[in-house]
Amino acid sequence: MFRAGLTAGLRALNSGAFRTGPAFNSSRLTPAFSAVTTRFYHPKVIDHYTNPRNVGSMDKTLNTVGTGLVGAPACGDVMKLQIQVGEDGTIEDVRFKTFGCGSAIASSSYMTELVRGKSLEEAAKIRNTEIAKELSLPPVKLHCSMLAEDAIKAAIKDYQSKRTKGTVLGSGTKNQETMATA
């Protein structure tokens, strides 16, 4: 009996009686079931993803530009955020480039809007929770907002390290010039 059933099943398989395709008929799903199985991005994420703000790069060799490059090895997202700081210590311009999912791009774009015009101290206080809340990121996408927070902190740190080096080098160079003219 078992052998006869197995043989009949193999014949049906070889004849193409079994079609490959969806395991269920999606047109017969109830709305409650489809809402559970379908995930949507929040409209704010879609807006920042389809119309990203402040995309681009700056000259990273300038002393007024700080660059933060961060990544998440688990998901493959990479984020570069650059700030240009004015004489008064406020962020005058900001640019980003992100390789990643829609939430990572949206987090980067939103961060650029947040930090423009802020002081370095104010920008350093921005937390990923603020970004995640604004974009309504689900828990599985919180790492994207964490990347944006890490990127701004790295950019600020890079800018400050350039300023520290510039001060030391500037005074050293000035002393050498003074010695040469004396």
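By convention here, the first residue in the shown sequence is residue 1. Just so we're clear, the structure is a prediction, and the values are computed from it rather than from any experiment.
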[X] to [Y] - nearest heavy-atom pair and separation:
| X | Y | result |
| --- | --- | --- |
| Gln160 | Leu120 | NE2-CD1, 4.4 Å |
| Cys144 | Cys101 | SG-SG, 3.6 Å |
| Tyr41 | Gly102 | OH-N, 4.0 Å |
| Ala154 | Gly68 | CB-CA, 3.6 Å |
| Asn128 | Glu149 | N-OE1, 2.8 Å |
| Ala124 | Lys153 | O-CE, 3.8 Å |

What distance do [X] atom [atom1] and [Y] atom [atom2] have between them, rounded to the nearest 0.5 Å?
| X | Y | atom1 | atom2 | answer |
| --- | --- | --- | --- | --- |
| Gln84 | Asp59 | CD | CG | 9.5 Å |
| Glu134 | His48 | CD | NE2 | 7.0 Å |
| Asn63 | Ser161 | CG | OG | 9.5 Å |
| Ile152 | Ile131 | CD1 | CD1 | 9.5 Å |
| Leu142 | Leu135 | CG | CG | 11.0 Å |
| Thr64 | Arg163 | OG1 | CZ | 8.0 Å |

Verify same cluster id: [X], [Y] (apolar side-chain graph, 4.5 Å):
| X | Y | result |
| --- | --- | --- |
| Leu147 | Leu69 | no |
| Met111 | Val78 | no |
| Tyr49 | Phe99 | no |
| Tyr159 | Met58 | no |
| Val94 | Phe96 | yes |

**Request:** Would you mind telling me which of Asn54, Asp93, Val65, Leu62 makes a side-chain contact (heavy atoms from CB on, under 4.5 Å) with Gln82?
**Result:**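 Of all the options given, the one that passes is Val65.
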**Request:** Check whether any side-chain heavy atom of Lys141 lies under 4.5 Å from a side-chain heavy atom of Val45, and answer yes or no.
**Result:**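 No; the side chains remain at least 4.5 Å from each other.
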**Asked** Quick one: are Lys44 and Ser136 in side-chain contact, heavy atoms under 4.5 Å?
**Response**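 No. Closest side-chain heavy atoms not under 4.5 Å.
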**Prompt:** Do Lys125 and Glu121 meet the salt-bridge criterion of a basic N to acidic O distance under 4.0 Å?
**Reply:**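 Answer for the salt bridge query: no.
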**Item:** Lys157/Asp150 salt bridge by N-O under 4.0 Å criterion
**Value:**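 Salt bridge between Asp150 and Lys157, a charged N being under 4.0 Å from a carboxylate O: no.
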Just by modelled atom types, is the [Y] backbone N or O under 3.5 Å from a matching donor or acceptor in the [X] side chain?
| X | Y | result |
| --- | --- | --- |
| Asp158 | Thr67 | yes |
| Ser109 | Ile105 | no |
| Arg116 | Glu92 | yes |

**Asked** Restricting to pairs with a member in residues 60-84, which pass salt bridge (Lys or Arg N to Asp or Glu O under 4.0 Å), not counting sequence neighbours?
**Response**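 Of all non-adjacent pairs touching residues 60-84, none passes salt bridge (Lys or Arg N to Asp or Glu O under 4.0 Å).
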